[in-house]
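Order of the sequence lines sets the chain letters (A, B, ...), proteins ahead of strands, with each chain counted from 1. Computed from a prediction, not measured in an experiment: that's the story for all the values here.
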Protein chains: 2
Amino acid sequence: MKLHVQIKMNEALFLRDPESSELGKNILKHSIQLIHKSGFEAFTFKKLAEDIGTTEAGIYRYFENKHKLLLYLTAWYWGWLEFQISFHTNNIDDPTVKLKRIITLLATAVEDDEQTNYINESLLHQIIISEGSKAFLTKQVEEDNKQHFFKPYKDLCAVVGNIILECNLAYKYPRSLASTIVEMAHFQNFFMNNLPSLTDFGNTKEESEIISFLNDLVFAGLNKS
Amino acid sequence: MKLHVQIKMNEALFLRDPESSELGKNILKHSIQLIHKSGFEAFTFKKLAEDIGTTEAGIYRYFENKHKLLLYLTAWYWGWLEFQISFHTNNIDDPTVKLKRIITLLATAVEDDEQTNYINESLLHQIIISEGSKAFLTKQVEEDNKQHFFKPYKDLCAVVGNIILECNLAYKYPRSLASTIVEMAHFQNFFMNNLPSLTDFGNTKEESEIISFLNDLVFAGLNKS
DNA sequence: TTTTTATAATAGTATTACTATCATTCAAAA
DNA sequence: TTTTGAATGATAGTAATACTATTATAAAAA
């Protein structure tokens, strides 16, 4: 039995549900490929349309603009990751072990999970590392937030924050530590590969080292106070 | 006696040195105002030209494109901040005290320092918080890095990393901890003001709390190992 | 005075980010 | 079976963006 993960998406993110048609799925699939290849700035609906073999207008029937598409992809990713996390930590009782497991999941390159053939999770993970912050680093954050576009991200951070609290009820900054872990799992990866002198892993470029760093950072903080 | 801080800029960042003319200084001044007001995405050289009262072509004589201008502004900011840090920690011997001082400087809103009347450091600080990451989160990071456009940022992180080492010679991740501190000083500020549930400071919105969080995070990590 | 240099004024191009219209297909409802 | 309607394809068109080029003019340096 293969359980099919269906991430429930905020309907305000799209005009027409991309998961409801072949064209829609192609939009998701090819946008991931294109953004991964050329970056979000160079990515346009025209290029995407050419890539798919449809027209620009066709894409616009699904997504209002490329920012909404990025919001969609990031929301999908965080939703998917939260599921992965809950799945892989399901049977773990010790919150410390749980938190370590989560750090590993956050900082490890994901392999494409064949469940959803129109979404390449591995590429999407890399997109989130380099482009993810651009989803909220805009003048419209407030509006986008009011429409709950960041809910999956905030939910995931809340999950992590709660486990942090379970590890140490007296710890004063569970939410900030959670967002720090999540952001740094990605940033240290980006730095390691692109600006290596900003990390201690420039030589090996091993994700395992990011994991060690985060574990060290987190558990020192939690055990102290 | 007023000492005039002159940040030495990488000449490959501009076509004509903006600090060498009135128009150039106006470009810096008004670009900071405009980017702060409307965000980097909505910012165009046309609007900037209208704002200054010159023409688009006039701007292009100074900067190749808006990405270079952003690189210039971020490089200026990090150079300026490194000077501020070295100035304000100059006479401090104890590395722990020094590091705390740096964390405070990183996380505190700067007041406009009248030295350079064409650069509003306070606005620039806010720009770095919301737009700074976009300087390196691009497909051209590698090229830009080869041209040393991120040197001021990397230098600052190196300074912080070295002080971390002074605090604890056995600590294994001084560079990564340094970049974490620098990034989080900004991200936690952005989150606090825009996505408050990702932090523990949503109610008070006090920078002092970010400082406490970072101090706690850093010194727990350093004293443990 | 001549020459250089910076700027202003104007024009023009390719691409981007859309919106609108109309014809076609194909499946479901009447 | 016909009708309807929803999704798509094809084509156009517009305003704004991201530039480049040309010429004239004014100010500063030689």
Q | Validation row, ring centre Phe191(B) to ring centre Phe136(A) under 6.0 Å | A | yes
(Q) So, does Arg16(A) get its side chain near the phosphate of dT8(D), meaning an N or O under 4.0 Å from OP1 or OP2? (A) yes
Q | Rounded distance (Å) that lies between atom C1' of dA17(C) and atom CG of Leu15(A) | A | 14 Å
Q | Gap between atoms CD and P, on Glu50(B) and dT10(C) respectively (whole Å) | A | 14 Å
Table of protein N/O atoms under 3.5 Å from nucleotides 9-18 of chain D N/O atoms:
{"from": "dG9(D)", "atom 1": "OP2", "to": "Thr54(A)", "atom 2": "OG1", "distance (Å)": "2.7"}
{"from": "dG9(D)", "atom 1": "N7", "to": "Arg61(A)", "atom 2": "NH2", "distance (Å)": "3.3"}
{"from": "dG9(D)", "atom 1": "O6", "to": "Arg61(A)", "atom 2": "NH2", "distance (Å)": "3.1"}

(Q) What is the distance, to the nearest angstrom, from the OH atom on Tyr62(B) to the P atom on dC19(D)? (A) 19 Å
Q. So what does Phe63(B) hit on the nucleic acid, given a heavy-atom distance under 4.0 Å: a base, only sugar-phosphate, or nothing?
A. nothing
Q) In whole angstroms, how far is the C1' atom of dT16(C) from the CG atom of Leu34(A)? A) 15 Å
Q | Whether Asp200(B) side chain and Ser176(A) backbone form a donor-acceptor pair below 3.5 Å | A | yes
Q) Across the strands shown, which category fits Glu22(A) at heavy-atom distances under 4.0 angstrom: base, sugar-phosphate, nothing? A) nothing
Q) Quick one: do Lys134(A) and Glu131(A) make a salt bridge, cutoff under 4.0 Å? A) yes
Q) Once you round it to whole Å, what is the distance between P of dA9(C) and CD1 of Ile59(B)? A) 13 Å
(Q) Here's one to test your reading of the geometry: is the NZ or CZ of Lys66(A) within 45 degrees of the ring axis of Phe40(A) and under 6.0 Å from its centre? (A) yes
Q. With no hydrogens and no angle check, do the side chains of Glu209(A) and Tyr173(B) hold a donor and an acceptor under 3.5 Å apart?
A. no
Q | No-hydrogen, no-angle side-chain donor-acceptor test under 3.5 Å, Lys151(A) and Asn145(A) | A | no
